[in-house]
Amino acid sequence: MPELPEVETVKRGLAPAMEGARFDKVELNRPNLRFPFPPNFAARLKNCTINSVARRAKYLILHLDSDDVLVMHLGMSGSFYVENKNSPPAKSDARTRITAHDHVIFHLSGANGEHLVTYNDPRRFGFMDLIAAENLSSHKFFAKLGIEPTGNSLDGKCLARLLANRKAPLKAALLDQKLIAGLGNIYVCEALWQAGLAPTRISHTISTSGAKARANAIALADAVRDVIARAIAAGGSSLNDHRQTDGTPGYFQHEFNVYNRENEPCRKSHCSGHIKRIVQSGRSTYYCDSCQK
DNA sequence: CCGCGGGCCTGAGAGC
DNA sequence: TGCTCTCAGGCCCGCG
């Protein structure tokens, strides 16, 4: 599922139930997800209090009152579901019928009440790990991550610097977490369309030298930040697996301009092109070859 | 160092 | 109905 906007949506959904709360019990329904759980996983969490819920790139990070940090990744199909133990869900609740692949259940109690937080992940590409707090920033998950596309720090100049000397097509460069952290297949396609740039274009042609290349860099940086911000505001995109923590889907898929729109008309004003699908580095790319240059 | 392809898993949907 | 095939939002590893 999840790219940055989906993980950010999940983070915001988890925070009210988790921040300040204590793990009363951790149930594991299998020994591993993508990787085995770390040794004594449940015991090391039990009775710990969660100081804060954070996100870096597509990782969820729970800072605890112990020496451990709980790091969680949703992989392709992971989702969390939050229930208040003392107020059962309404009959119309979006999730009640789904129970297969509930691999981890956190039992929590805190100032906002008692909650069950359930992790579900059909494909099990997600994982959970405990990392020593003092080693967090140097850990291999985080040491090489690039800039966050939220806020204002990713501007044209910064982006041009990241793309300098790169021969890979823009699509591959934007997917590289070491350059920009958190973009995935959907939002890269959407940002390139919004910026009017072809996904096949060689990265270093976006640069700080020359007025046109500079304008391209600014347009692309603006498009990346705008797409991510709008997707977060919409609660992310739900194709198959992504759910907000109350079981409802995200809504940004209704705002897709290219993703999953093969053969449909381009939505850029005055463009009469149609959306193409090609494969780059083994992944689908959707774009308009009429207005993306 | 850089860029690419394969593999990890299950499920949904298309085509026969 | 049911089989087989393809594809899916991520990431790591190893190769050239």
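Every heavy atom of this structure was used, including side-chain atoms; hydrogens, water molecules and symmetry mates were not. A note on names: the letters A, B, ... follow the listed sequences, proteins ahead of strands, and every chain is numbered from 1. Source: prediction; values computed, not measured.
Residue contacts shown for Ser237(A) include a base, since a base heavy atom lies under 4.0 Å away. Residue contacts shown for Gly184(A) are limited to sugar-phosphate atoms, with no base heavy atom under 4.0 Å away. Contacts of Arg34(A) with the nucleic acid, taken as non-hydrogen atoms under 4.0 Å apart, include base atoms. When heavy atoms are screened at a 4.0 angstrom cut-off, Phe35(A) is found touching no nucleic acid atom at all.
Bracketed by its first and final contacts, the part of DNA chain B lying under 4.0 Å from non-hydrogen atoms of chain A reaches from dC2(B) to dG11(B) in 5' to 3' order.
Nucleotide dG9(C) holds its C1' atom 16 Å from the CG atom of Leu174(A), rounded to whole Å. The separation between Phe125(A) atom CZ and dC12(C) atom C1' is 11 Å, rounded to whole Å. One can place NZ of Lys140(A) at 13 Å from P of dC11(C), the figure rounded to the nearest angstrom. Asn260(A) has its CG atom 19 Å from the P atom of dT6(C), to the nearest Å. Between Tyr59(A) atom OH and dC11(C) atom P the separation is 6 Å, expressed in whole Å. If you measure from atom CG of Leu33(A) to atom C1' of dC12(C), you get 16 Å, rounded to the nearest angstrom. In this structure, CZ of Arg277(A) is placed 6 Å from P of dC7(C), rounded to the nearest angstrom. Whole-Å rounding puts the Arg123(A) CZ to dG10(C) P distance at 10 Å.
Of the two residues near DNA chain B, Asn32(A) and Asn165(A), the one whose nearest nucleotide lies more 5' is Asn165(A).
Salt bridge absent: Glu19(A) and Lys11(A) never bring a charged side-chain N and a carboxylate O closer than 4.0 Å. Comment: Asp24(A) engages Arg22(A) in a salt bridge, judged by a side-chain N to carboxylate O separation of less than 4.0 angstrom. No salt bridge links Lys58(A) with Glu3(A); every basic N to acidic carboxylate O contact stays at or beyond 4.0 Å. The pair Asp176(A)-Lys178(A) counts as a salt bridge, with a side-chain nitrogen and a carboxylate oxygen less than 4.0 angstrom apart.
Taking the ring centre of Tyr59(A) as origin, the terminal cationic atom of Arg56(A) falls outside the region bounded by 6.0 Å and 45° from the ring axis.
Judged by distance alone, the side chains of Asn32(A) and Arg30(A) do bring a donor and an acceptor atom under 3.5 Å apart. Between the side chains of Arg277(A) and Ser284(A), at least one donor-acceptor pair of N or O atoms lies under 3.5 Å.
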- Message: Could you walk me through whether Leu197(A) and Tyr287(A) satisfy the side chain to side chain contact (heavy atoms under 4.5 Å, CB included) test, starting with their C-alpha distance in whole Å, then the side-chain angles of each, then the deciding distance to 0.1 Å, before giving a yes or no?
- Response: CA-CA 9 Å; Leu197(A) 294 168; Tyr287(A) 76 113; over 6 Å; no
- Task: Would you check, one step at a time, whether the test salt bridge (Lys or Arg N to Asp or Glu O under 4.0 Å) holds for Glu190(A) with Arg261(A)?
- Result: CA-CA 11 Å; Glu190(A) 294 297 322; Arg261(A) 294 193 66 242; over 6 Å; no
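Distances shorter than 4.0 Å separate some side-chain N or O of His73(A) from OP1 or OP2 on dC11(C). Listed pair Tyr259(A) / dG9(C) meets the phosphate criterion, a side-chain N or O lying under 4.0 Å from OP1 or OP2.
Pro249(A) places a side-chain heavy atom less than 4.5 Å from the side chain of Arg243(A).
Between dG5(B) and dC7(C), the distance separating the two P atoms is 15 Å to the nearest Å. The same atom, P, is picked in dG6(B) and in dT6(C); the two are 14 Å apart, to the nearest Å.
A stem is defined here as three or more consecutive Watson-Crick or G-U pairs, each with both distances under 3.5 Å; for DNA chain B these stems are B:2-8 with C:10-16, B:10-16 with C:2-8.
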